[in-house]
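Note that this is a predicted model, so its numbers are computed, not measured.
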Amino acid sequence: MTMSSAKIECVLRENWRCGESPVWEEASNSLLFVDIPAKTVCRWDSLSKQVQQVTVDAPVSSVALRQSGGYVATVGTKFCALNWDDQSAVVLATVDKDKKNNRFNDGKVDPAGRYFAGTMAEETAPAVLERRQGSLYSLFPDHHVEKYFDQVDISNGLDWSLDHKIFYYIDSLSYSVDAFDYDLQTGKISNRRSVYKLEKEEQIPDGMCIDVEGKLWVACYNGGRVIRLDPETGKRLRTVKLPVVKTTSCCFGGKDYSEMYVTSARDGMDPEGLLQQPEAGGIFKITGLGVKGIPPYPYAG
């Protein structure tokens, strides 16, 4: 098969400190994402090219659609409901109460409407932190929380196989993309295994999403790329390099989910690095990948 040539364009050059958690909202033709240290949830209208922002009271690490309207987000160590109109956040649940230095990191809603998200210790510098302080949680539609496991370094990318039988997960400092058997009915996970080990130049695995062919796309932090993996063979199928090194996460969106959006960061870069990468912290759109994604699931609670 011939590789279609992808076109990469920086659609939003606002230079976010740490852009993360891109989610496409079809109803408004918009891309949602967060800037973690700036404590802001952003919504970029792809038609008007305008950005709206809501500021919350702690680092906000992920955002997701909500079936009943509005959004949900992970703010500090809290799962919150976000009302965009009055810019308010209502706490649905709190985790890691015994770990004052922790915060949530990446999160995503599963096919049954549960909001999965994991925690980590707050960094002293990018990817420098107290190890094994994090856990993986899920907020169920009735607002109760279940904890799956702890000893996590940096809880990151997550997604589910197209048949909903496998949960894919990244703990960044393990340099691995892992898979679990997944029970859609109960939300239980089991039988953890690695499906891909990152190579040295790929650096740190960060955010992740799945395409309609069941292949995984992983943003490589400090690697300046997204890679496409086959979780069944453990092979890398494709590398798409971006003009910035701190690529953080990716999602499909746009008309028929044929575009990929990639977030990036600038925190931790020196002045020289920022001069060489003026688009660091920007949001990128990749077209011409030749594969589509699937719509995000909304939180059911």
Side-chain angles (χ1 to χ4, degrees), residues 20-34 41-43 46 60-75 79-84 92-93 104-118 136-146 148 155-170 177-189 206-219 231 249-263 291-301:
E20 264 284 5
S21 182
V23 180
W24 185 256
E25 184 177 43
E26 206 172 317
S28 63
N29 287 299
S30 298
L31 184 76
L32 293 155
F33 61 96
V34 300
V41 181
C42 308
R43 187 169 71 187
S46 66
V60 53
S61 60
S62 74
V63 62
L65 310 178
R66 191 179 186 190
Q67 210 169 288
S68 58
Y71 309 106
V72 281
T74 48
V75 181
F79 282 108
C80 294
L82 208 58
N83 182 326
W84 199 264
L92 303 176
F104 268 118
N105 201 36
D106 210 352
K108 193 171 277 184
V109 177
D110 82 350
R114 306 175 189 97
Y115 190 8
F116 277 64
L136 180 70
Y137 296 97
S138 164
L139 178 71
F140 279 61
D142 65 2
H143 300 177
H144 91 273
V145 171
E146 290 200 12
Y148 294 101
S155 191
N156 238 322
L158 5 70
D159 219 327
W160 289 264
S161 62
L162 302 180
D163 66 4
H164 307 159
K165 289 185 173 145
I166 301 172
F167 167 58
Y168 298 109
Y169 174 72
I170 292 169
V177 179
D178 290 354
F180 295 80
D181 296 340
Y182 172 71
D183 184 330
L184 184 65
Q185 266 17 79
T186 61
K188 295 261 185 292
I189 61 175
D206 200 330
M208 168 168 63
C209 66
I210 199 163
D211 65 30
V212 291
E213 294 172 9
K215 309 298 188 267
L216 300 173
W217 293 80
V218 179
S249 193
C250 52
C251 78
F252 284 94
K255 183 176 154 35
D256 66 17
Y257 294 89
S258 63
E259 304 167 347
M260 176 174 279
Y261 289 90
V262 181
T263 49
V291 68
K292 295 175 182 177
I294 61 171
Y297 302 105
Y299 174 62

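- Closest heavy-atom contact between Val23 and Cys251: N-SG, 3.9 Å.
- For Leu162, the side chain to side chain contact (heavy atoms under 4.5 Å, CB included) test picks out Ile210, Ile294, with sequence neighbours left out.
- Inspection of the Ser62 and Tyr115 side chains reveals an N or O donor paired with an N or O acceptor under 3.5 Å.
- Listed by chain and number, the residues in a salt bridge (charged side-chain N to carboxylate O under 4.0 Å, His left out) with Glu146 are Lys188 (sequence neighbours excluded).
- Note: Leu184 CG to Phe167 CZ = 13.0 Å, rounded to the nearest 0.5 Å.
- Legend: residues meeting ring-ring contact (aromatic ring centres under 6.0 Å, His included) with His143, ordered by chain and number and at least two apart, are absent.
- In this structure Tyr261 satisfies the side-chain hydrogen bond (donor to acceptor under 3.5 Å, both in side chains) test together with Glu259, sequence neighbours excluded.
- Residues His164 and Tyr182 come closest through the heavy atom pair O-CD2, 2.9 Å.
- The ring-ring contact (aromatic ring centres under 6.0 Å, His included) test applied to Tyr71 returns Trp84, not counting sequence neighbours.
- Across every non-hydrogen atom of Ala81 and Arg66, the tightest pair is CB-NH1, 3.2 Å.
- Listed by chain and residue number, Asp110 satisfy the salt bridge (charged side-chain N to carboxylate O under 4.0 Å, His left out) test with Arg114 (two or more places apart in sequence, or in another chain).
- Taken to the nearest 0.5 Å, the OH atom of Tyr299 stands 10.5 Å off from the CD atom of Gln67.
- A distance of 10.0 Å separates CG in Asp106 from CG in Asp159, rounded to the nearest 0.5 Å.
- Between Phe116 and the options Tyr137, Phe79, Trp160, a ring-ring contact (aromatic ring centres under 6.0 Å, His included) holds for only Trp160.
- Applying the side chain to side chain contact (heavy atoms under 4.5 Å, CB included) test to Cys80 and every residue at least two apart in sequence or in another chain returns Val75, Lys78, Ala89, Val91.
- From Leu216, atom CG reaches atom CD1 of Ile170 across 8.0 Å, with rounding to the nearest 0.5 Å.
- The minimum heavy-atom distance between Pro22 and Leu31, with the atom names listed, is CB-CD1, 4.1 Å.
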### Task
Would you please test Tyr257 and Glu26 for side chain to side chain contact (heavy atoms under 4.5 Å, CB included) and show each step?
CA-CA 9 Å; Tyr257 294 89; Glu26 206 172 317; 2.8 Å; yes
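- Remark: Tyr168 pairs with no residue by the ring-ring contact (aromatic ring centres under 6.0 Å, His included) rule, at least two apart or across chains.
- Every residue two or more places apart in sequence or in another chain was checked for a salt bridge (charged side-chain N to carboxylate O under 4.0 Å, His left out) with Asp142, and none qualifies.
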### Task
Assess whether side chain to side chain contact (heavy atoms under 4.5 Å, CB included) is satisfied between Ser46 and Trp24, documenting all intermediate values.
CA-CA 10 Å; Ser46 66; Trp24 185 256; 3.6 Å; yes
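- Between Ser61 and Ser21, the shortest heavy-atom contact is O-CB, 3.7 Å.
- There is no side-chain donor-acceptor pair under 3.5 Å between Thr263 and Ser249.
- Thr74 contributes atom OG1, which lies 10.5 Å from atom CG of Leu139 (distance to the nearest 0.5 angstrom).
- Shown here are the salt bridge (charged side-chain N to carboxylate O under 4.0 Å, His left out) partners of Lys292, two or more places apart in sequence or in another chain: Asp256.
- For the side chain to side chain contact (heavy atoms under 4.5 Å, CB included) test, residues two or more places apart in sequence or in another chain that qualify with Ser155 are Leu136, Val152, Tyr169.
- Atom-to-atom distance recorded for Tyr148:OH and Ile189:CD1 is 6.5 Å, nearest 0.5 angstrom.
- Residues satisfying the side chain to side chain contact (heavy atoms under 4.5 Å, CB included) test with Glu213, not counting sequence neighbours, are Asp211, Lys215, Arg228, Val291.
- When all heavy atoms of Gly207 and Asn156 are compared, the closest pair comes out as N-OD1, 4.2 Å.
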